[in-house]
Each structure stands twice: as C-alpha cells, then as structure tokens.
> 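Let me begin by handing over the structure; questions about it come next.
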Amino acid sequence: QVQLVESGGGLAQPGGSLRLSCAASGFTLDPYSVGWFRQAPGKEREGVSCISATGDTTYHADSVKGRFIVSRDNAKNTVNLQMNSLKPEDTAVYYCAIGGAHPVQDMCLWGAGVAYWGKGTLVTVSS
C-alpha cells in the first residue's frame with residue numbers, strides 16, 4: 001500500500017523545537033521532490049519547505065527561513081523537517097507531499113507537480 005506518513009508533531013513552547021519526519025511506504029522517495037506544507041485553522045494550506053529529489057536544492061518560505069531545515073535520507077526513505085525557534089503562528093497541521101520535475105520553489109509556492117499527500121501531523125506552539 002502506498003503511503004506517506006508524517007510523525008513528530010505535538011506541543012512545543014515558543015522558542016522550542018520539533019522534528020517532523022515523512023516516511024514513505026510501498027514506494028521509494030528517491031525520484032521525487034518532497035514538500036512540507038501546513039494549514040492553520042481558518043487559513044489556506046501553504047508551502048513551508050521543499051527539497052529536490054537529489055537533495056541539492058531546497059526552498060523555504062520567508063516565514064520559516066532561518067528557522068526550519070528540510071533534509072532527506074533516501075537510505076531510510078524519509079524526509080525530515082527540523083523546526084527551531086518555533087512561534088505560535090507555526091501552529092498548524094503539517095503535511096508532506098511528493099512531486100515531480102517542477103522546481104522546488106514552484107512546488108512550495110503553487111503546489112506545482114504535487115502528486116500525493118500524507119494525512120498530516122498537528123503541531124501546536126503554545127505556552
């Protein structure tokens with residue numbers, strides 16, 4: 001069964017850190033760009049961080065630049081999102097998605113080429 005499963009969400013204090021993981025089962029992530037998106041209550045889903053299939057190109061939204069780091073471990077078939085200096089406005093359901101040959105910036109900004117979504121993991125940043 002083809003699945004993308006996010007994990008690592010939870011409650012964090014402002015200024016704290018969380019590490020999200022996106023694990024693929026039933027297929028390998030190697031050929032795909034992978035993106036992290038989030039949707040806060042009452043807001044549209046937005047691209048957060050995206051990484052190319054080779055891992056040599058990444059894109060981070062301005063709102064998370066310098067705080068979030070996306071990486072991939074193809075040997076473990078996972079993509080991770082290290083989230084530091086968390087803010088209450090980072091509270092959202094975080095989704096990972098796989099994409100095709102579009103530039104990762106386009107994937108994050110417009111959802112270009114997104115082919116499959118995970119079900120999401122909730123991140124809550126609150127004191």
> Would you list the pairs meeting ring-ring contact (aromatic ring centres under 6.0 Å, His included) in which at least one residue belongs to residues 90-127, sequence neighbours left out?
Phe37-Trp117
> Which heavy atom of Asp56 sits nearest a heavy atom of Ser52, and at what distance?
OD1-OG, 3.1 Å
> Would you call Leu29 and Leu4 a side-chain contact if the rule is heavy atoms closer than 4.5 Å?
yes
> Going hydrophobic residue to hydrophobic residue with side-chain gaps under 4.5 angstrom, can you get from Val125 over to Val48?
yes
> Taking the side chain as C-beta and beyond, is there a heavy-atom pair between His60 and Val70 under 4.5 Å?
yes
> We want to know whether Thr28 and Asp30 form a side-chain donor-acceptor pair, criterion being a heavy-atom distance below 3.5 angstrom.
no
> What distance do Glu6 atom CD and Cys96 atom SG have between them, rounded to the nearest 0.5 Å?
4.0 Å
> Val64 and Leu86: same hydrophobic cluster, using ILVMFWY side-chain contacts below 4.5 Å?
yes
> For residues 7-27, tabulate all N or O donor-acceptor pairs below 3.5 Å that involve a side-chain atom, not counting sequence neighbours.
from	atom 1	to	atom 2	distance (Å)
Ser17	OG	Asn84	OD1	3.0
Arg19	NH1	Gln82	OE1	3.4
Ser21	OG	Asn80	OD1	2.7

> First locate atom CG of Asn74, then atom OH of Tyr32, and finally report the distance between them rounded to the nearest 0.5 Å.
12.5 Å
> Between Gly35 and Met107, which heavy-atom pair has the shortest distance, and what is it?
N-CE, 3.4 Å
> Quickly, which of Asp90, Val93, Val123 forms a side-chain contact (heavy atoms from CB on, under 4.5 Å) with Arg38? Name it, please.
Asp90
> Hey, any chance Val5 and Val2 share a hydrophobic cluster, counting ILVMFWY side chains that come within less than 4.5 Å of each other, even indirectly?
no
> To the nearest 0.5 Å, tell me how far Met83 CE sits from Ile69 CD1.
12.0 Å
> Quick one: CZ on Arg72 to CG on Asn77, what's the gap to the nearest 0.5 Å?
9.0 Å
> Measure across Ile51 and Thr58 and return the closest heavy-atom pair with its distance rounded to 0.1 Å.
CG1-CG2, 3.8 Å
